[in-house]
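Only one structure is covered here, and it is reproduced in the block below.
When reading the values below, keep in mind they use all heavy atoms of this one structure, side chains included, and skip hydrogens, waters and symmetry mates.
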Amino acid sequence: MEFDIPAIIQGYAQGYFLMANVGDESVGWYSSRKRALIPLDDRFRYPSSLNRALNQERFTVAIDRDFKAVVEGCSDRETTWISPELKEIYWELYCQGWAHSFETWQGDTLAGGILGIAIGGAFIGESMFYRIPEGSKVAMVKLVERLRDRQFVLFDAQMSNPHLDRFGAFTISDREYQPLLQKALQRSCSLV
C-alpha cells in the first residue's frame with residue numbers, strides 16, 4: 001500500500017493527528033480543541049517513586065532499536081486505535097525518518113517505549129507502553145531530557161490522562177497551540 005507521506009506530514013504540521021476508528025479500523029484525521037503538552041521546562045516533574053529506577057540505572061535507553069516492537073507494544077490493548085493500516089503508515093513514516101521509537105531496555109528485553117513523530121522542533125507523541133514496571137515512565141523522563149538537549153520546542157501528547165498529569169502535562173486551547181506548533185516547525189532539530 002502506498003501512502004502520501006508529504007501529505008501526512010503536512011497534516012501533522014497543521015495540528016491534526018491520525019487515528020483508526022475502533023469499530024471499522026478506518027484511518028482518519030482528528031484534531032482537538034484542547035491539546036495536552038508535556039512541559040520541556042521546569043514544570044516537568046515525575047513521581048518521586050521513580051527516582052530509584054533512575055538512580056539504579058536498571059534500564060538502558062535506545063532510539064529506533066526495535067521500532068516495530070514498540071508499535072506492537074503500543075497497539076497491544078483490548079481496544080486500540082492503532083490499526084494494521086496505521087501500523088503500515090507509521091512504518092513508512094519511520095522509513096522516511098519522521099517516526100521514532102524511544103525505548104527502554106532491560107538487558108535484551110524491551111521494557112517500554114514511546115512512539116512519536118518528530119517534525120522540526122515538535123515531538124508528537126502518539127502512544128506509549130510498558131512490559132516491565134517503570135519502563136515507560138523512565139522512557140518519558142529520558143525522552144524529555146533528550147528533547148531539551150536537542151532544543152525541541154514542543155512535546156505534544158495530544159490528549160491528557162491521569163498518567164500524563166503525573167509528569168506535569170497541561171492542556172492548552174487550539175488557539176494557543178497553533179502558534180507554538182508553528183514556532184516549533186521553524187526549528188531544525190533531530191532526535192537521533
Side-chain angles (χ1 to χ4, degrees), residues 1-22 25-41 43-44 63-64 67-68 70-71 74-75 80-103 113-129 136 139-140 142-161 164 167-192:
M1 192 177 284
E2 296 248 343
F3 301 106
D4 187 346
I5 298 303
I8 290 172
I9 294 303
Q10 187 59 38
Y12 277 97
Q14 292 172 1
Y16 296 98
F17 50 92
L18 289 171
M19 285 177 63
N21 293 314
V22 175
E25 295 190 348
S26 62
V27 175
W29 286 105
Y30 293 84
S31 66
S32 178
R33 287 193 206 106
K34 293 267 188 198
R35 289 304 268 256
L37 303 182
I38 304 294
L40 297 177
D41 56 20
R43 292 174 292 174
F44 179 75
I63 300 171
D64 299 337
F67 181 83
K68 283 188 173 181
V70 170
V71 173
C74 289
S75 68
T80 182
W81 52 268
I82 301 178
S83 67
E85 181 184 2
L86 198 46
K87 288 178 188 179
E88 290 180 39
I89 291 170
Y90 287 144
W91 178 249
E92 195 56 41
L93 287 166
Y94 165 76
C95 288
Q96 294 192 27
W98 298 104
H100 298 282
S101 57
F102 196 87
E103 309 153 4
I114 299 171
L115 169 65
I117 296 168
I119 307 172
F123 184 84
I124 302 157
E126 295 284 277
S127 187
M128 62 194 300
F129 83 103
S136 63
M140 176 71 82
K142 295 298 185 180
L143 174 57
V144 166
E145 289 174 3
R146 181 78 172 195
L147 295 175
R148 286 173 174 165
D149 184 55
R150 296 302 182 99
Q151 306 295 306
F152 275 75
V153 173
L154 178 68
F155 183 169
D156 179 1
Q158 299 175 352
M159 291 182 239
S160 189
N161 61 46
L164 295 177
F167 293 93
F170 62 97
T171 56
I172 61 174
S173 69
D174 188 58
R175 199 178 86 245
E176 297 167 291
Y177 174 76
Q178 287 297 334
L180 196 56
L181 176 61
Q182 295 313 309
K183 178 184 174 189
L185 295 175
Q186 301 306 312
R187 193 156 296 175
S188 179
C189 300
S190 173
L191 189 65
V192 290

Audit row: Leu143, Phe123, side-chain contact (heavy atoms from CB on, under 4.5 Å) steps and yes/no: CA-CA 10 Å; Leu143 174 57; Phe123 184 84; 3.6 Å; yes
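- Here the CG-CG distance, from Asp156 to Leu181, works out to 7.5 Å after rounding to the nearest 0.5 Å.
- Remark: Leu154 CG to Gln182 CD distance equals 10.5 Å, nearest 0.5 Å.
- With hydrogens and angles ignored, the 3.5 Å screen pairs no side-chain donor or acceptor of Gln178 with any backbone N or O of Arg175.
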side-chain contact (heavy atoms from CB on, under 4.5 Å) between Ile82 and Ser127, worked out: CA-CA 9 Å; Ile82 301 178; Ser127 187; 4.2 Å; yes
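- Interatomic distance, CH2 of Trp98 versus CD1 of Ile5, reported as 10.0 Å (0.5 Å rounding).
- Contact annotation: the side chain of Phe155 approaches that of Met140 to within less than 4.5 Å [non-hydrogen atoms, C-beta and beyond].
- Within the 4.5 Å cutoff, the side chain of Met19 has no heavy atoms near those of the Val27 side chain.
- At least one side-chain heavy atom of Phe170 sits less than 4.5 Å from a side-chain heavy atom of Pro39.
- The closest side-chain heavy-atom distance from Lys87 to Val71 is below 4.5 Å.
- Gly121 approaches Cys189 most closely through the heavy-atom pair CA-SG, 3.7 Å.
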CA sep, side-chain torsions, deciding dist, call: Leu40, Phe152, side-chain contact (heavy atoms from CB on, under 4.5 Å): CA-CA 8 Å; Leu40 297 177; Phe152 275 75; 4.2 Å; yes
Test log, rule salt bridge (charged side-chain N to carboxylate O under 4.0 Å, His left out), inputs Arg148 and Glu145: CA-CA 5 Å; Arg148 286 173 174 165; Glu145 289 174 3; over 6 Å; no
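- Not one N or O on the side chain of Arg35 forms a donor-acceptor pair closer than 3.5 Å with the backbone of Tyr177.
- Looking at Glu103 and Ser101, their side chains do bring a donor and an acceptor atom within 3.5 Å of each other.
- Of all the heavy atoms in Ile38 and Ala169, the pair that sits closest is CD1-CB, 3.8 Å.
- Proximity of a side-chain donor or acceptor of Arg150 to a complementary backbone N or O of Val192 within less than 3.5 Å is detected.
- In this structure, Val70 and Gly113 approach most closely via the heavy-atom pair CG1-C, 4.3 Å.
- Side-chain contact between Gln158 and Tyr30 is absent, with no heavy atoms from C-beta onward closer than 4.5 Å.
- Minimum interatomic distance between Ala36 and Ser160 (heavy atoms only, all atoms of both residues): CB-N, 3.4 Å.
- A tilted orientation is assigned to the rings of Phe67 and Trp91, their planes being inclined by 30° to 60°.
- Using a 4.5 Å cut-off on side-chain heavy atoms (C-beta onward), Tyr90 and His100 make no contact.
- Within the 4.5 Å cutoff, no side-chain heavy atoms of Ile172 are placed close to those of Lys34.
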Taking distance alone, no hydrogens or angles, what donor-acceptor pairs closer than 3.5 Å link side-chain atoms of residues 6-15 to residues at least two apart or in another chain?
unit_1	atom_1	unit_2	atom_2	d
Tyr12	OH	Leu18	N	3.4
Tyr12	OH	Glu126	OE1	2.8

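- To the nearest 0.5 Å, the span separating CZ on Arg187 from CD1 on Ile119 amounts to 15.5 Å.
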Candidate pair Leu37 and Thr171, rule side-chain contact (heavy atoms from CB on, under 4.5 Å), full reasoning: CA-CA 6 Å; Leu37 303 182; Thr171 56; over 6 Å; no
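- Taking every heavy atom of both residues into account, Leu93 and Ile117 meet most closely at CD1-CD1, 3.9 Å.
- Between Ile89 atom CD1 and Glu92 atom CD the span is 10.0 Å, to the nearest 0.5 Å.
- Nearest approach of Asp64 to Ala99, heavy atoms of both residues: OD1-O, 4.3 Å.
- Figure legend: Arg146 and Phe102 shown without cation-pi pairing, the cationic atom not lying both under 6.0 angstrom from the six-membered ring centre and within 45 degrees of its axis.
- Atom OH of Tyr16 sits in a sparse spot, with 12 or fewer heavy atoms from other residues, nucleotides or ligands closer than 6.0 Å.
- The distance from the CH2 atom of Trp81 to the SG atom of Cys74 is 7.5 Å, given to the nearest 0.5 Å.
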